[in-house]
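FYI, side chains are in, hydrogens and waters are out, and symmetry mates aren't considered; it's all heavy atoms of this structure. For clarity, every value in this text was computed on a predicted model and none was experimentally measured.
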Amino acid sequence: MSEILEKAAAALNEKLAGGGFDASAKFSIADLGAIVLDGDGARVSDDEADVTLSADADTFEQILSGDLNPTGAFMSGKLSVDGDMGIAMQLASVLA
């Protein structure tokens with residue numbers, strides 16, 4: 001399972017390479033674990049963050065691949081947000 005998280009963290013690091021995200025966020029992926037994103041990049045971790053986005057693995061994969069808009073996932077109930085909504089919106093624009 002950690003291999004899936006490692007690949008996801010690597011993909012997130014590619015998306016974050018352009019900068020523009022200086023807060024901390026955590027993707028909590030059901031039955032797999034968590035990935036934390038901050039100024040140092042993305043890594044497999046369960047550290048505290050300013051905002052936590054929770055979804056199942058399929059939803060997270062669709063968001064990461066660009067097949068599902070994070071805002072659309074939130075509005076449809078596939079993605080839940082706990083914490084600073086402004087940071088969640090900033091992250092969504094970086095991932096788009």
Closest non-hydrogen atom pair between Gly33 and Leu5, with its separation: CA-CD1, 3.9 Å
Contacts of Asp46 that satisfy side-chain hydrogen bond (donor to acceptor under 3.5 Å, both in side chains) - sequence neighbours left out: Lys26
Heavy-atom pair of closest approach, residues Arg43 and Gly41: NH1-O, 3.8 Å
Qualifying ring pair (Phe, Tyr, Trp, His ring centres under 6.0 Å) pairs, either residue in residues 77-96, two or more places apart: none
Closest heavy-atom pair and its distance - Ala9, Ile35: N-CD1, 3.9 Å
CA sep, side-chain torsions, deciding dist, call: Asp82, Val51, side chain to side chain contact (heavy atoms under 4.5 Å, CB included): CA-CA 6 Å; Asp82 183 28; Val51 63; over 6 Å; no
Atom of Ile29, atom of Ala57 and distance for their closest heavy-atom approach: CG2-CA, 3.6 Å
Inter-residue atom distance Leu53.CG - Leu91.CG, 0.5 Å rounding: 6.0 Å
side-chain contact (heavy atoms from CB on, under 4.5 Å) partners of Ala10, counting only residues at least two apart: none
For Asp47, all residues meeting side-chain hydrogen bond (donor to acceptor under 3.5 Å, both in side chains), sequence neighbours excluded: Ser45
Pairs satisfying ring pair (Phe, Tyr, Trp, His ring centres under 6.0 Å), at least one member in residues 17-49, at least two apart: Phe27-Phe60
Partners passing side-chain hydrogen bond (donor to acceptor under 3.5 Å, both in side chains) against Asp50 (at least two apart in sequence or in another chain): Ser24
Pairs flagged by side chain to side chain donor-acceptor pair (under 3.5 Å) wherever residues 10-21 is involved - sequence neighbours left out: none
Spacing of Met89 atom CE and Asp84 atom CG [to the nearest 0.5 Å]: 11.5 Å
Asp22 CG to Leu37 CG distance, which is reported to the nearest 0.5 Å: 12.5 Å
Gap separating the CG atom of Asp67 from the CG atom of Leu64, nearest 0.5 angstrom: 10.0 Å
Contacts of type side-chain hydrogen bond (donor to acceptor under 3.5 Å, both in side chains), residue Gln62, not counting sequence neighbours: Asp58
Using distance only, find each side-chain donor-acceptor pair of residues 72-80 under 3.5 Å and give its atom names and separation, not counting sequence neighbours.
from  : atom 1 : to    : atom 2 : distance (Å)
Ser76 : OG     : Gly72 : O      : 3.1
Ser76 : OG     : Ala73 : O      : 3.1

Over 12 foreign heavy atoms within 6.0 Å of CD, Gln90: yes
